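Everything numeric here is computed off the predicted structure, so don't read it as measured data. By convention in this document, chain letters (A, B, ...) are assigned in the order of the sequence lines, proteins followed by strands, and residues within each chain are numbered from 1.
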Protein chains: 2
Amino acid sequence: MLRISKLTDYATLLLMHMARAPFETHSARGLAQRSGLPPPVVAKLLKLLAREGLLTSQRGAAGGYGLARAPERISMAQILAAVEGPLAVTECALGRGVCDMEKGCATRPHWQLIGHALQVALDAVSLADMTVPRAATVRLQRLEK
Amino acid sequence: MLRISKLTDYATLLLMHMARAPFETHSARGLAQRSGLPPPVVAKLLKLLAREGLLTSQRGAAGGYGLARAPERISMAQILAAVEGPLAVTECALGRGVCDMEKGCATRPHWQLIGHALQVALDAVSLADMTVPRAATVRLQRLEK
DNA sequence: ATCAATAGGACTGATTAAGTTCTATATAGT
DNA sequence: ACTATATAGAACTTAATCAGTCCTATTGAT
């Protein structure tokens, strides 16, 4: 349950590879080879991440992708939002009045609260944390107190 | 993203209805009418929740379903787990070695940490909280400190 | 017996996710 | 200017999952 899509998983993997050389540009082909993921998937994801502002891109020969900011300033929440869209635990949490039974339904504010808690947990982990085991552990343990 | 399935949403709604009369038994038909959900869906969900231990069931005429324990002792995490299966943010988080690239993949422990944080957030909200706005707010705010 | 209820499984259709392919555009090097 | 190597964007196909229905069996009170 609450499963993250494979694409998000892949995106995280790719960003972690890039975080090892945060100031260099990386080509889609090169990242596909290093990550072992299918080239079309890698290309699709990098395009998406660039459009969403997590990566910068340079076209043409000797072009490629680079991190838009330091790995410490890219959170898991941002990666998820880039690939899967805004966090919304339930459909109605997004606000649009598409739910048939809004009248007697008292659950909405509660789902929003839960969603907010998830957001906080996801915000607390950065891309840099993902590459360095200790940091994430510490930050998340603080949350649980 | 991280969207909960409609079934889980429905299940929560049904349990909230039952929580209003926590010691009485409720029939599937009656709950379908009160909730406005399609009877087959309600029946399916109640069967599932009973199998998972959240509800007790009584067959035969004058039978029905009842909460297995007090609303305070049923958490949103339990409801989610009952309907959607164990919480696993990524496939590999479940442990089975199905992932092709386990060798160079350092993300697994981090996803597990994030998963754990989500679990904590979901554990902090009970079915009783869902029916009484204030309690959930307070509990979740404590988590965010 | 009969009626009202749950138990369990099989099945179908709808929706979404995952992955591929094709065409257009930009840029460095020669 | 030409060519090779990149990214940009969109359309398309297939696979997987979710949502919902239906049917048959079992249980128990009247």
Hey, is the side chain of Y65(B) poking within less than 4.0 Å of OP1 or OP2 on dA5(C), counting only N and O atoms?
no
What's the closest nucleotide to the side chain of S5(B) if the choices are dC18(D), dA29(D), dA28(C)?
dC18(D)
For L48(A) and dG19(C), what is the distance between atoms CG and P respectively, to the nearest whole Å?
14 Å
For dA5(C), does OP1 or OP2 lie under 4.0 Å from any side-chain N or O of R29(B)?
yes
Specify the residue among A61(A) and A50(A) whose closest nucleotide of DNA chain D lies further upstream toward the 5′ end.
A61(A)
Rounded to whole angstrom units, what separation is found between the CG atom of L49(B) and the P atom of dT6(C)?
13 Å
Give A28(A) one of three labels, base, sugar-phosphate or nothing, depending on what nucleic acid heavy atoms sit under 4.0 Å from its own.
sugar-phosphate
Name the closest nucleotide to the K47(B) side chain, picking from dA8(D), dT27(C), dG8(C).
dG8(C)
Tell me, yes or no, whether the heavy-atom count around R29(B) atom CZ, taken from other residues, nucleotides or ligands under 6.0 Å, exceeds 12.
no
For P38(A), answer base if it contacts any base atom (sugar-phosphate contacts may also be present), sugar-phosphate if it contacts only those atoms, and nothing otherwise; contact means non-hydrogen atoms under 4.0 Å.
sugar-phosphate
Looking at the side chain of K44(B), which of dA5(C), dT27(C), dA19(D) is the nearest nucleotide?
dA19(D)
R59(B) has its side chain closest, among dT27(D), dG20(D), dA4(D), to dT27(D)
Looking only at non-hydrogen atoms, find the nearest pair between A19(A) and T131(A) and report the distance.
CB-CG2, 4.4 Å
Checking all strands, does L7(A) fall into the base, sugar-phosphate, or nothing category for heavy-atom contacts under 4.0 angstrom?
sugar-phosphate
Could you say whether E84(B) or H26(A) is positioned toward the 5' end of DNA chain D, judged by the nucleotide with the nearest heavy atom to each?
H26(A)
Has R51(B) got a side-chain N or O lying under 4.0 Å from the OP1 or OP2 atom of dG8(C)?
yes
The nucleotide from dA8(D), dG19(C), dA5(C) with an atom nearest the side chain of S27(B) is dA5(C)
dG20(D), OP1 or OP2 - any side-chain N/O from Y10(B) closer than 4.0 Å?
yes
